[in-house]
Amino acid sequence: MSVPSPHTGGSVFRTVLGDADIDRALTRIAHEILEANKGAEDLVLLGIPRRGFPIAQRLARKIARTDPTVNPGRIVGRLDVTMFRDDLRKHPTRPPGPTELPSSGIDDKVVVLVDDVLYSGRTIRAALDAIVDVGRPRIVRLAVLVDRGHRELPIRADHVGKNLPTSSAEKVRVRISEIDSVDEVIIEGPA
Amino acid sequence: MKHLLSTENLQGTQAIRILDTAEEMAAVGEREVKKLPALRGRTVVNLFFEDSTRTRISFEAAAKRLSADVINFAAKGSSVSKGESLKDTAQTLEAMSADAVVIRHWASGAPARLAASDWIDASVINAGDGTHEHPTQALLDAFTLRRHWSKIAGLPSLGEDLRGLRIAIVGDVLHSRVARSNLWLLTTLGAEVTLVAPPTLLPVGIDTWPCRVSFDLDEVLATGPHAVMMLRVQGERMNAAFFPSTREYARTWGFDDERLAALEASAGKDTIIMHPGPMNRGLEISSAAADSPRSTVLAQVRNGVSVRMAVLYLLLSGDDSAQPTPAQEAITV
């Protein structure tokens with residue numbers, strides 16, 4: 001996936017979060033997750049590809065820094081929701097990606113879904129369906145880096161990095177260095 | 001891609017995309033809930049003008065795992081035996097709003113005819129036509145090969161082709177659509193194919209095919225190929241004497257116990273024995289070979305479901321009429 005370079009076409013770009021902001025937001029979310037869960041017991045972070053997965057890995061490392069008994073590699077998984085989407089027929093075919101769960105599985109665990117942007121809520125709905133097919137967690141929570149509003153389903157995030165009031169004509173682009181070689185959140189609006 | 005009619009026209013990238021998707025489908029097959037909602041509300045018709053066990057069951061299982069509705073249609077016992085034409089049968093299916101037609105036909109080219117006509121809007125998947133092609137069989141064979149050899153090499157199989165593999169396809173090449181589909185697909189994916197058959201069971205014009213031809217099975221086995229694919233002797237398509245006797249065929253061209261023992265002793269340490277099924281035990285393959293740990297016959301059947309799920313998913317799930325703009329692709333919501 002190529003991210004178009006800024007300042008092309010008739011769009012205006014505005015950087016709303018830089019790398020330090022993203023790092024602070026993720027540090028806070030990691031602490032919130034530990035606080036809500038009263039520790040790291042039974043915790044599993046499931047990242048939703050593409051960018052939710054590296055964010056989940058970062059959260060796990062931050063959690064491990066606070067609680068040294070945690071092995072960050074053991075609590076992170078990747079949940080592909082492609083085949084559970086409700087808009088499959090409206091887009092060109094998307095090949096599914098891998099789903100990888102921690103070796104402990106997710107049965108009776110506290111699963112925190114991690115994604116970059118929360119918008120319509122439809123991806124999270126698909127993720128909830130996908131979870132049902134791979135196990136039965138005790139609790140499912142949701143952590144997102146950016147909540148931009150415009151929900152179309154009754155879904156709410158438990159942990160939010162930044163609330164971004166946007167118009168639906170704007171686009172929110174999250175770039176994560178593992179994928180895009182830079183950490184930033186940009187709002188792209190019509191000129 | 002709207003139809004899957006042959007592997008001859010399949011590009012390497014398309015084939016690898018199918019194999020990679022099949023890899024994810026195989027992971028679903030290992031879960032407790034072996035079902036995905038991707039094709040909910042879609043109808044897949046299995047239109048079989050020729051007998052088949054595993055291909056039909058495999059397509060049915062694949063469609064059901066993707067939550068599609070399946071209608072099985074066998075020519076025997078249908079209006080086809082009253083003389084209904086392919087066109088009328090197809091239009092009947094169209095009226096029932098089929099989204100995909102999986103067709104097996106005794107006439108080479110029947111699926112292509114159906115896909116090229118305006119009788120029907122559905123995607124057409126060739127499940128074997130005459131002596132022409134059987135693309136999903138070739139794809140599942142390539143999938144089995146890729147999995148086996150990347151496991152031995154300790155590498156992930158995603159995104160890989162079959163470069164460097166040497167594969168022998170042995171037996172009744174003349175009547176075999178499996179041999180043809182495999183030859184095209186395996187060479188597209190970079191493997192080297194050697195056909196081994198009696199001269200009477202090789203088609204005219206074989207010198208134009210991208211493969212080597214050998215008349216000595218033992219010589220080919222001694223070179224330690226990565227896989228030996230045994231073909232079924234298709235008695236039902238034979239209307240002449242192609243070889244003197246079944247015993248002579250088994251001795252010269254069959255994978256018998258002696259050849260199995262020779263393989264165990266020789267360089268071909270990890271050589272696998274493949275067979276598309278149904279097997280003529282004692283003719284082209286001995287029971288000991290078919291049931292040996294080298295045999296991938298059952299793995300092929302298992303992989304068949306994953307590969308057919310991938311094909312159905314890739315052909316049916318999306319709307320390919322509109323090309324994606326880069327911006328649309330980049331949105332993550």
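Just so we're on the same page: letters track the sequence lines, and every chain starts at 1. As the structure is a prediction and not an experimental result, all values here were calculated from the model.
Looking at B/Glu32, there are no atoms closer than 4.5 Å to chain A (heavy atoms on both sides), in backbone or side chain. Heavy-atom distances place the backbone of B/Lys35, and not its side chain, under 4.5 Å from chain A.
Remark: A/Arg78 qualifies as a cation-pi partner of A/Phe53 under the 6.0 Å distance and 45° angle criteria applied to the six-membered ring.
Ranking B/Glu24, B/Glu23, B/Arg17 against chain A, the residue ahead of the rest is B/Glu24, based on heavy-atom pairs under 4.5 Å. Counting heavy-atom pairs under 4.5 Å between each of A/Arg122, A/Arg94, A/Arg148 and chain B puts A/Arg94 at the top.
Taking the side-chain contact (heavy atoms from CB on, under 4.5 Å) definition, one finds that A/Ala64 meets it with A/Val70, A/Pro72, sequence neighbours left out. Remark: A/Asp19 pairs with A/Asp183 by the side-chain contact (heavy atoms from CB on, under 4.5 Å) rule, at least two apart or across chains.
Salt-bridge annotation for A/Arg58 and A/Glu178: present, with a side-chain N of the basic residue lying under 4.0 Å from a carboxylate O of the acidic one.
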